[in-house]
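Note sheet for the following structure.
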Number of protein chains: 8
Amino acid sequence: VSDFEIDWEREQRTGVAEAMLCVGKSAAQIDAILEAAAGRHLLLTRLDPDKRTGLRAELDYDPLSGTAFFGAGAAATLPGVGIVCAGTSDLPVAQEAARTLGFHGYDAPVIADVGVAGLWRLTARLDEIRRHRVVIVAAGMDAALPSVLGGLVAAPLIAVPTSVGYGVAAGGQTALNAMLASCAPGVVVVNIDNGYGAACAALRVLNRTIRGR
Amino acid sequence: VSDFEIDWEREQRTGVAEAMLCVGKSAAQIDAILEAAAGRHLLLTRLDPDKRTGLRAELDYDPLSGTAFFGAGAAATLPGVGIVCAGTSDLPVAQEAARTLGFHGYDAPVIADVGVAGLWRLTARLDEIRRHRVVIVAAGMDAALPSVLGGLVAAPLIAVPTSVGYGVAAGGQTALNAMLASCAPGVVVVNIDNGYGAACAALRVLNRTIRGR
Amino acid sequence: VSDFEIDWEREQRTGVAEAMLCVGKSAAQIDAILEAAAGRHLLLTRLDPDKRTGLRAELDYDPLSGTAFFGAGAAATLPGVGIVCAGTSDLPVAQEAARTLGFHGYDAPVIADVGVAGLWRLTARLDEIRRHRVVIVAAGMDAALPSVLGGLVAAPLIAVPTSVGYGVAAGGQTALNAMLASCAPGVVVVNIDNGYGAACAALRVLNRTIRGR
Amino acid sequence: VSDFEIDWEREQRTGVAEAMLCVGKSAAQIDAILEAAAGRHLLLTRLDPDKRTGLRAELDYDPLSGTAFFGAGAAATLPGVGIVCAGTSDLPVAQEAARTLGFHGYDAPVIADVGVAGLWRLTARLDEIRRHRVVIVAAGMDAALPSVLGGLVAAPLIAVPTSVGYGVAAGGQTALNAMLASCAPGVVVVNIDNGYGAACAALRVLNRTIRGR
Amino acid sequence: VSDFEIDWEREQRTGVAEAMLCVGKSAAQIDAILEAAAGRHLLLTRLDPDKRTGLRAELDYDPLSGTAFFGAGAAATLPGVGIVCAGTSDLPVAQEAARTLGFHGYDAPVIADVGVAGLWRLTARLDEIRRHRVVIVAAGMDAALPSVLGGLVAAPLIAVPTSVGYGVAAGGQTALNAMLASCAPGVVVVNIDNGYGAACAALRVLNRTIRGR
Amino acid sequence: VSDFEIDWEREQRTGVAEAMLCVGKSAAQIDAILEAAAGRHLLLTRLDPDKRTGLRAELDYDPLSGTAFFGAGAAATLPGVGIVCAGTSDLPVAQEAARTLGFHGYDAPVIADVGVAGLWRLTARLDEIRRHRVVIVAAGMDAALPSVLGGLVAAPLIAVPTSVGYGVAAGGQTALNAMLASCAPGVVVVNIDNGYGAACAALRVLNRTIRGR
Amino acid sequence: VSDFEIDWEREQRTGVAEAMLCVGKSAAQIDAILEAAAGRHLLLTRLDPDKRTGLRAELDYDPLSGTAFFGAGAAATLPGVGIVCAGTSDLPVAQEAARTLGFHGYDAPVIADVGVAGLWRLTARLDEIRRHRVVIVAAGMDAALPSVLGGLVAAPLIAVPTSVGYGVAAGGQTALNAMLASCAPGVVVVNIDNGYGAACAALRVLNRTIRGR
Amino acid sequence: VSDFEIDWEREQRTGVAEAMLCVGKSAAQIDAILEAAAGRHLLLTRLDPDKRTGLRAELDYDPLSGTAFFGAGAAATLPGVGIVCAGTSDLPVAQEAARTLGFHGYDAPVIADVGVAGLWRLTARLDEIRRHRVVIVAAGMDAALPSVLGGLVAAPLIAVPTSVGYGVAAGGQTALNAMLASCAPGVVVVNIDNGYGAACAALRVLNRTIRGR
């Protein structure tokens, strides 16, 4: 009872490579899977520093986002996605999205700390944000940022609620609901803290747009 | 088992007159209370048009907000409060606040339809909003408006979530939580659709400020 | 206290025209807004047949989706979006998406009744689904359809939970959560029953891809 | 205040032996109960490795599922149940079911990693799954697997939601609700992570079918 | 956008015929589906008396359960299932299960009003209950009945929570949770008020046991 | 900002002495309060063993329930209350009730492990239970015990939900709701794990009955 | 499938007569049960005026509480219970308790409109409240009344949350939780709007105290 | 991806200086921000003792509230706010409010342990409470204190729910809801444990009143 079948054909079918969620897997299980994957490349997510230390495999590891690249990845040079977030605490999620895009060859810059409570910070960088084909927005607490951006930007807007906050923030549930109930039309949403999923959604759009898949 | 004791001294103790919530009371019960209150003045809230038609008492009735004044009220001439809302659907709640303030002698204008998805609508009226000593903000769905206003306005900001919206809007629960989790510091909140309560809170501030109570 | 300011410039800013949500507005309020909008075109959503009967304005009305077009719309001829749904009960939501796309010039076919409990119904139409640049999926109850499709289709996948079902279906909340927790990466989600929002998200993608906005 | 009365007759009444849930019991309490049970056999569940180390009793312990057999059990040779799960993270729950069945004499294989996002993995093993008289399905997150299987398999289908996932997965609550709202008729469900309960339900079916109890 | 594809092969694949849930379908939609189904037989559920009156099709209709048989059904003569419920208010759900079984040829008696608050009512009929191969239990409010029965009966026990009760009963949510958290091992559960689903689960067991499918 | 005013007169007013909830208080704060209370007696609740070790004060401490007596208490000799619970895991809560009653002079025996899944265990001790003037019932998970007892016992029945269980047990919320929705009339309920509160409620009854207060 | 077995022996076993909850039963079902009950007496609850009009049986009906007495009841002359409530809207629930007690021979006065926002109203009637052996408190919204009373009164205090209020009042859920989390020890609680249950609990106490059962 | 832009102009725009929430930031991140802020003053909140120990910066740190002042603050001498709380466990939140006010120059005394279960404690200090222009009330569990105070005090009343309590207290959610549903009009509420936000709201009122901003 220990087999793990990587869906290697998924990238061909959907343009998005399968990733390995490390939460709930032991270091031994991860090492076994990576050994079987030798010669291929694989993205690992939610790998905390302690577990990473216990792994034998060679990895390009980023502690802020808890992501790791196994095997040689493509150079991250393609443009197309901008990642916007409201505060320092949202950076791990924003960075998970950036790393996932990097693994697929895209260079996605993070524009941090443009929360709406100081609106000038956002307007100052609006032109920079508008330059991207797809915009990912990570925000916690009241998550007002996607609603404001949604009225200012024409690009597809992928909102990621973060679990930042306390009390009624409820581990990101309020941010999630506020994003789904956004008064700005056409904002789409992924699961709480799911920077990986937001990046995959951006890849689906970009594959169609840039690569014509 | 039918007595209703109006707390007539409450206005003296707290500066806010007791009001009668008409939901859950029959027309006959309301008429009986009003007869006993002859010679005094009383604010009625949540009085729907059908029930109002069934009442004998003479009332100054406003169908949009479902409020009524019983007895001669003061002229509503005092300045001090501005009421801001995001959309037409929030008007009944905004108007409940305006009428409650009117009953206590304040003339509180309603600035409608300044939702953040079209930010220019808000900035165009910012100076007008800043002129007030207290600002009440009614908003539903994602309720991003108080967070944006909270960073732009120095006045006390009383946020009223409205039950506008569907799905995850959850009858105003998401708006409520987003307001409580607002990234703008010092925003205070009242119950969903509670325009009356927001006005009472404004009265507590104004009584201290203007009237020196 | 009755002004409604249509954000006519929104289409220019975001590629998505503002729509009027008719829930919570009286027939009189809607007629007043439409009179002020004479000479322009406007999409109305959540307009139930009874309220529509009470309107003076001339409208292209679709009772299944509760949508109406005011003013002459563009011919719906552009390809690009396919709308998939699991059952007859999901049709009103699927049709709201189709009509919103139609209002913006896109001809989006609805592929109905391909629920996963009879998997052959889905596989039989997979080639047809794969032909579209963007796929909208409406599903209620357990909402397993987007997860299955997400592994089979490379296009951007916009999932709309519907309020179909009873008991733990909880008015679409379970479908919403299942979509957000989908094991297929890159599925994005909008509010429950929000066919309009799904279409707007598709427009954001298509505007970038086809029209190069 | 320390007596624990094992319901030794339960197996005779219901065909399912009583088990001891070790969560919430100290090692000393467990040892005392086992001493009183000398000469009988007993299944222990939710026994974590640390607590197991602190026990004096001799046990056949399985760390993956946290189960232990006390006393000599029957050989696990009877066929009848297949256990299917969507991912490596669901294995502890699947294994708890397998061990519970093993304790009662059944040899139940675990078919792992057949999640619906890579549908070919499931179809490749469908014949193997169909061979069993009862099928247990463990799945977390969106739990789409039982809905897909439910339309393909005629056997009784017992679904176990697992607490795998984050954010809206909500500790298994979304998987639970999706299973209960399944569009495939006749899927039955047990509590979150309750592999033991699923096995007991399978035993109730098998006792009637195979053993004619 | 109006096609409804009945999954006629489902009965062959799973032993359970597809049924048509009438909630959310108009009388016109139902008549159209039934016309297309001429010559076959079909089970209709959640058909309320008003909608039934508006149908042209000839049906064997049962108002208590809101079920209808279209086309000639098999005679209901097979034994195997007993249906137990706690009170008169649970009867519609119990009867939906009985009718679904009847449509598939089983004669399943309903044993009503054996709630645990008067334990003698249950014990008086225990032998009768024990005679069945599968037992369905419908209960609302605190749903203590399956826990008590689960310790007394060896047969597979399929529990159906009902939406009977008020306040914390929460439309059946408390009954559902109590059944899932039952202290009696091996109780399985279906969605709230889902008598149809409970019957389908019983059919899966019986098909294996009696008919050897 | 550190004063803690014990409400010493509460016992006189209500017959129930104030207790000190130790959760959320540091050892230093507790010691300071106890020093100020020298010469009186005080009940401490929710005092875990680690914190107790850090205290200077002399206490009669019971680790199972986390209660401590400060000062010489009365001898616990008065009869009147029986405490019933369903399993070993409920003992800490049952014991908190017993200790609180002991502090007030009552000797309340605990009758453990009479869960309804093995009904004979309950019926075997029914006469013993019926002998008490007030019965406290602690139960977790599905909490079926108070419903069964409520139909068998005439005494006031105070139900305490416990946080025993996992998944849908939800930290005692399901037990709480099942008790409140009990089909046995006149069962009253206190907060989850609140053995102290159940004992206080029993004291209110006994003070009236036995002591004539 | 239509039998309803009244548990006539319940009164003997528990001191509380079984009542018939009329919600979910048709007028025809109620009449059938009452015919079978001829010569006995029975309490009916939740009988709304429309359904009462449709009944053939002779009843002593009280529309405020929706209760009816069937058969000659005892004269309501016994003292012992006081019923306190916070506002006019709580009267139906308070009256359901009063009528249930009246059916069992107790004359329980209702002390209305003593909400804590006007504390003098409560203190003015405190001596009257203290005179009773058992006190029932009905309150909605924030339900602060039982906490205040709990510190002032030594009698058993049975709190009934009412569904009065809107928004976060959540149909009585907030009142229920506030009562369960009361800072006054020994307050016990029943289900939302369950005046009948509160009265039954009071009967359990009184039977022990006054009648020595 | 590491910039943190302090909104230094916020104090000028809103009268409330930006604070740094330390939860979710590493000691290294905090030190970097403080170095960039040299020469200015900044309030830090939610800084736990362990993290404080790891900081290089010189701070005026208060462990009870977890707040720190960076840079020389104004002397705290201005009157105007009183902070009331129900118990010792609420002190950290009350103190966070006091420290935030102190940082802005206000000397706000904390009046602790005046819970309503011992009403005399509150009435004894009512005159002292009434002397303040704004009153902040921190309370957990059932949060009855603001309702009682709201009827006795004319000042603006800012209620802070605290996460004190267990079971249904639900981490402060019940206190929050009870405050929002308060029967005393004009009580306003901030997020759970948000002493900082309550102080900011008080500052908004005081800036208008005392300083005429």
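Heavy atoms only: backbone and side chains are in, while hydrogens, waters and symmetry mates are out. By convention in this document, chain letters (A, B, ...) are assigned in the order of the sequence lines, proteins followed by strands, and residues within each chain are numbered from 1.
Residue contact with chain B, scored on non-hydrogen atoms closer than 4.5 Å, involves the side chain of H:Leu176 exclusively.
Looking at every heavy atom in both residues, B:Val16 comes nearest to H:Pro185 through CG1-CG, 4.2 Å. Taking every heavy atom of both residues into account, H:Asn191 and B:Ala181 meet most closely at ND2-CA, 4.4 Å.
For H:Ala198, the side chain to side chain contact (heavy atoms under 4.5 Å, CB included) partners two or more places apart in sequence, or in a different chain, are H:Ile136, H:Ile158, H:Val160, H:Val190. Residues passing the salt bridge (Lys or Arg N to Asp or Glu O under 4.0 Å) test with H:Asp107, sequence neighbours excluded: none.
With respect to chain H, the highest number of heavy-atom pairs below 4.5 Å among B:Gly186, B:Gly151, B:Ala159, B:Gly197 belongs to B:Gly186. The choice from H:Gly150, H:Ala199, H:Ala184 that makes the most heavy-atom pairs within less than 4.5 Å of chain B is H:Gly150.
Here B:Gln173 contributes atom CD and H:Asn177 contributes atom CG; the two are 6.5 Å apart, rounded to the nearest 0.5 Å. Distance check, rounded to the nearest 0.5 Å: CG of H:Leu157 to SG of B:Cys200 gives 12.5 Å. Taken to the nearest 0.5 Å, the CG atom of H:Leu149 stands 12.0 Å off from the OG1 atom of B:Thr14.
The main-chain N or O of B:Val134 is never found under 3.5 Å from a side-chain atom of H:Arg204 such that the two would form a donor-acceptor pair.
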